[in-house]
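Chain naming here is simple, since letters A, B, ... match the order of the sequence lines and numbering starts at 1 in each.
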2 protein chains.
Amino acid sequence: MPVKNRLRVLRAEREWSQQDLAERLEVSRQSVNAIETGKYDPSLPLAFRIADVFDLAIEEIFLRDAG
Amino acid sequence: MPVKNRLRVLRAEREWSQQDLAERLEVSRQSVNAIETGKYDPSLPLAFRIADVFDLAIEEIFLRDAG
DNA sequence: GATTTATGTAAAGGAAGCTATACATGAGCG
DNA sequence: CGCTCATGTATAGCTTCCTTTACATAAATC
């Protein structure tokens, strides 16, 4: 039921560290790391903020997991 | 920071009760009611399931709130 | 070798999402 | 009136999200 995401790739394309992204999202670095490593999914409001900073649709970043 | 949603309208268009929608989403009726009445936002996985049952994109159902 | 940067991870605690159970109201219908 | 259905609300409890603080490792730089 969890959701896969392309955060690591999108971040690499922009050469942002986890810290950089965390600051843009106004969350802790640990939250960014946890989302990237699949420990948990972001909340919907955070998913929207992530979509905003990457200027993409939520569906372009987060993908329904097979299962 | 919360997110607005068009659940009530979409549900009305399909003539689904909160109970009907809850069953399609496999969540409790209270969860559907709480989301509709703005008590809280759905998790991202649930937002995806909602998008699926309405056959819409997340952005077509949930809207960034002004603020 | 010492320092900095990026990343992973852990523990404890608070906030938010979700559950089951329950009760209340109003609308519609016999 | 009595019954059913749809909706709103409440409480308690569990799980998930997110925080702060902290420590560990590897790579890069000096």
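- C:dC18 atom C1' lies 12 Å from atom CD1 of B:Ile50, rounded to whole Å.
- At whole-Å resolution of the value, CG in A:Leu46 and P in D:dT16 are 18 Å apart.
- Between A:Gln18 atom CD and C:dA6 atom P there is a gap of 10 Å when expressed in whole angstrom units.
- Whole-Å rounding puts the B:Leu25 CG to C:dT19 P distance at 10 Å.
- The shortest heavy-atom contact between A:Ala47 and A:Phe62 is CB-CE1, 4.1 Å.
- Across the protein-nucleic acid pair, A:Gln19 atom CD and C:dT9 atom P stand 18 Å apart, rounded to whole Å.
- Taking only side-chain nitrogens and oxygens, B:Lys39 never comes nearer than 4.0 Å to OP1 or OP2 of C:dC18.
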Task: Trace of the side chain to side chain contact (heavy atoms under 4.5 Å, CB included) decision for B:Arg11 with B:Leu7 - done: CA-CA 6 Å; B:Arg11 201 167 52 73; B:Leu7 271 193; 5.8 Å; no
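- For B:Asn33, taking side-chain heavy atoms from C-beta onward, the closest of the listed nucleotides D:dT20, C:dT9, D:dT9 is D:dT9.
- In this model, a side-chain donor or acceptor of A:Gln30 finds a partner on the base of D:dT21 within 3.5 Å.
- Salt-bridge formation is not detected for the pair B:Arg49/B:Glu26: no Lys NZ or Arg NE/NH1/NH2 atom is positioned less than 4.0 Å from an Asp or Glu carboxylate oxygen.
- The A:Pro42 side chain lies nearest to D:dC18 when the options are D:dT7, C:dT19, D:dC18.
- The listed nucleotides are D:dC17, C:dT19, C:dG8; the one nearest the side chain of A:Asp41 is D:dC17.
- Look at B:Arg14 and B:Asp20 and you find no salt bridge, because none of the NZ, NE, NH1 or NH2 atoms lies under 4.0 Å from a carboxylate O.
- Closest to the A:Tyr40 side chain, of the nucleotides D:dC17, D:dT7, C:dT9, is D:dC17.
- If B:Ser43 and B:Ser17 are placed on DNA chain D by their nearest nucleotide, the residue sitting closer to the 5' end is B:Ser17.
- Under a 3.5 Å cut-off, the side chain of B:Gln19 and the backbone N or O of B:Arg29 do not form any donor-acceptor pair.
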Open item on the list: Output one letter per nucleotide in nucleotides 24-30 of chain C: B when a protein non-hydrogen atom lies under 4.0 Å from the base, S when only the sugar-phosphate is that close, - when neither is.
Closed with: -------
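- Of the two residues contacting DNA chain D, namely B:Glu36 and A:Ser31, the nearest-nucleotide position lying further toward the 5' end is that of B:Glu36.
- In this structure a side-chain-to-backbone donor-acceptor pair under 3.5 Å is present from B:Asn5 to B:Ile35.
- Taking CG of B:Leu25 as the start and CZ of B:Phe54 as the end, the distance is 7.0 Å to the nearest 0.5 Å.
- Here D:dT7 presents its P atom at 13 Å from CH2 of B:Trp16, a figure rounded to the nearest Å.
- In this structure, B:Arg11 places its CZ atom 13 Å from C1' of D:dC5, rounding to the nearest Å.
- Rounded to whole Å, atom P of D:dG8 lies 13 Å from atom CG of B:Leu21.
- Looking at which nucleotide of DNA chain C each of B:Val32 and A:Ala34 is closest to, the 5′-most match is held by A:Ala34.
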